[in-house]
2 protein chains.
Amino acid sequence: MDAVDRIFAQWRAERPDLDVTAMGPIGRLSRVYHHHARRMGETFARHGLNGAGFDVLATLRRSGPPHALSPGALMAAMMITSGTMTNRIDQLVKQGLVSRAPDPDDARRAVVQLTDKGFALIDKAVADHAQTQAALLAPLSDTEIAALDAGLRKLMAAEEDRAPE
Amino acid sequence: MDAVDRIFAQWRAERPDLDVTAMGPIGRLSRVYHHHARRMGETFARHGLNGAGFDVLATLRRSGPPHALSPGALMAAMMITSGTMTNRIDQLVKQGLVSRAPDPDDARRAVVQLTDKGFALIDKAVADHAQTQAALLAPLSDTEIAALDAGLRKLMAAEEDRAPE
DNA sequence: TGCCATTATCTTGACGTCAAGATAAAAGGA
DNA sequence: TCCTTTTATCTTGACGTCAAGATAATGGCA
């Protein structure tokens, strides 16, 4: 009987005409997500970052040498809007973690690249982050993780089918 | 091979020293959560609400007659800060969906209560919401939903143990 | 070549959230 | 009773995000 079960029971009592069975898994997923976000945010903060900044640095880092992408490519990778991307890059430039230069081949484009400082920072932060993520799943056995992941994978696939453009 | 698998493969190539196995389930959970939030937001919008307003109205509705709670009780139910709560109530009062009155027994407290208009609105909106939630889980069989929920429940329990105050 | 639709990025304004602090009332001990 | 601590709510300022629109360069077609 957790917090979501209690909400479920309240709805059963107040609106017995409704089928609220989906509420359990969806409500728990939301709570777990927010818990993960908070824990990971603490990890990022230890490196002077927030989730937004970490995402950009990590995307550049894992893209491999020369650790440079256009704002548009970063946007696509993170599923955020252009205004958000501009803002994120501004902050990281201000912190000296990435550089922004015009693209010589297409003047509409910019090239966002990890600085040495940004590279060193993200390489440490991502190692810390991987440990945090492992800790978040530690309550589950490998079998349980696999079952959870299978369900999530199927839900994610359904979503990607839905918005194919 | 979904988007998260591709990110995973990039990390394996760039940082083979790290154990990034937890990234898959956690990354997928985040994506699924954001997809759910977007879909549910569309449902709320059809009723002139956003997720914040829906949460407040739904919490009051399922609390049963007289459909009234203090801001503090609402805060605890939704795990948000006091400033956020004040703002949410302000918006709903402005829309005529809830009333805010001083508590006669404790002048520090307020009593937030559903208006008739708010009651009628949430009763329709929550029915719509239940359907949306069911649709979000439709890609999974009952067995798969149970397996997913079992994992989430365990993660949620671990979180609640962690912050027991 | 010249023009127009498309693409890429940045700007603006609004929103919801939080952290920290202000205000005010209640509760409890001396 | 008085005073301190605790509790409940609201205020303020900052942040990250988005939607819509502005700006500017590219590419394809006539």
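Letters A, B, ... are given to chains in the order of the sequence lines, protein chains preceding strands, and every chain is numbered from 1.
- For DNA chain D, no neighbouring residue in residues 53-60 of chain A is found when judged by any heavy atom under 4.0 Å.
- Partners of A:Thr43 under the side-chain hydrogen bond (donor to acceptor under 3.5 Å, both in side chains) rule, at least two apart in sequence or in another chain, are A:Arg46, A:Thr132.
- By the salt bridge (charged side-chain N to carboxylate O under 4.0 Å, His left out) test, B:Arg28 is found to be paired with A:Asp149, B:Asp2, B:Asp5, residues two or more places apart in sequence or in another chain being considered.
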Side chains of residues 98-105 of chain B: which donor-acceptor partners sit under 3.5 Å, not counting sequence neighbours?
residue	atom	partner	partner atom	Å
B:Arg100	NH2	B:Asp90	OD1	2.2
B:Asp103	OD1	B:Asp105	N	2.7

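- Of the residues in residues 86-111 of chain B, those lying under 4.0 Å from DNA chain C by heavy-atom distance are B:Asn87, B:Arg88, B:Asp106, B:Ala107, B:Arg108.
- A heavy atom lying under 4.0 Å from DNA chain D marks none of the residues of residues 43-52 of chain B.
- Of all non-hydrogen atoms in A:Arg39 and A:Ala135, the two that sit nearest each other are NH2-CB, 4.4 Å.
- Looking at heavy atoms from C-beta onward, B:Lys117 lies out of side-chain contact with B:Leu121 at the 4.5 angstrom threshold.
- Each end of the helix from C:dT1-D:dA30 to C:dA30-D:dT1 gets its own axis, taken as the rotation carrying the C1' atoms of four end pairs onto the next four within a five-pair window, and the two axes meet at 0° to the nearest 10 degrees.
- For A:Asp55, there are no side-chain hydrogen bond (donor to acceptor under 3.5 Å, both in side chains) partners, not counting sequence neighbours.
- The shortest non-hydrogen separation linking B:Val20 to A:Ala130 is CG1-CB, 4.4 Å.
- Heavy-atom contacts of chain B under 4.0 Å fall on DNA chain D between two terminal nucleotides, which in 5' to 3' order are D:dT7 to D:dT11.
- Taking every heavy atom of residues 61-82 of chain A and every atom of DNA chain C, pairs under 4.0 Å involve A:Ser70, A:Pro71, A:Gly72, A:Ser82, by number.
- Put simply, the side chain of A:Met78 reaches to within 4.5 Å of the side chain of A:Val56, judged on heavy atoms.
- Using a 4.5 Å cut-off on side-chain heavy atoms (C-beta onward), A:Leu155 and B:Leu148 make contact.
- Every residue was checked against the side-chain hydrogen bond (donor to acceptor under 3.5 Å, both in side chains) condition with A:His36, not counting sequence neighbours, and none meets it.
- The minimum heavy-atom distance between B:Ser82 and B:Met75, with the atom names listed, is CA-SD, 3.6 Å.
- Ring geometry for A:Tyr33 versus B:His34: interplanar angle over 60°, hence perpendicular rather than tilted (30 to 60°).
- Considering every non-hydrogen atom in both B:Gly118 and B:Leu114, the closest pair reads C-CD2, 4.1 Å.
- The distance between the ring centers of B:Phe54 and B:His47 does not fall below 6.0 angstrom.
- The shortest heavy-atom contact between B:Ala3 and B:Arg31 is CB-NH1, 3.7 Å.
- Between B:Thr115 and B:Gly96, the shortest heavy-atom distance links the atoms OG1-O, 2.8 Å.
- Annotation: salt bridge (Lys or Arg N to Asp or Glu O under 4.0 Å) contacts involving residues 57-76 of chain A, sequence neighbours excluded, comprise A:Arg61-A:Asp123, A:Arg61-B:Glu14.
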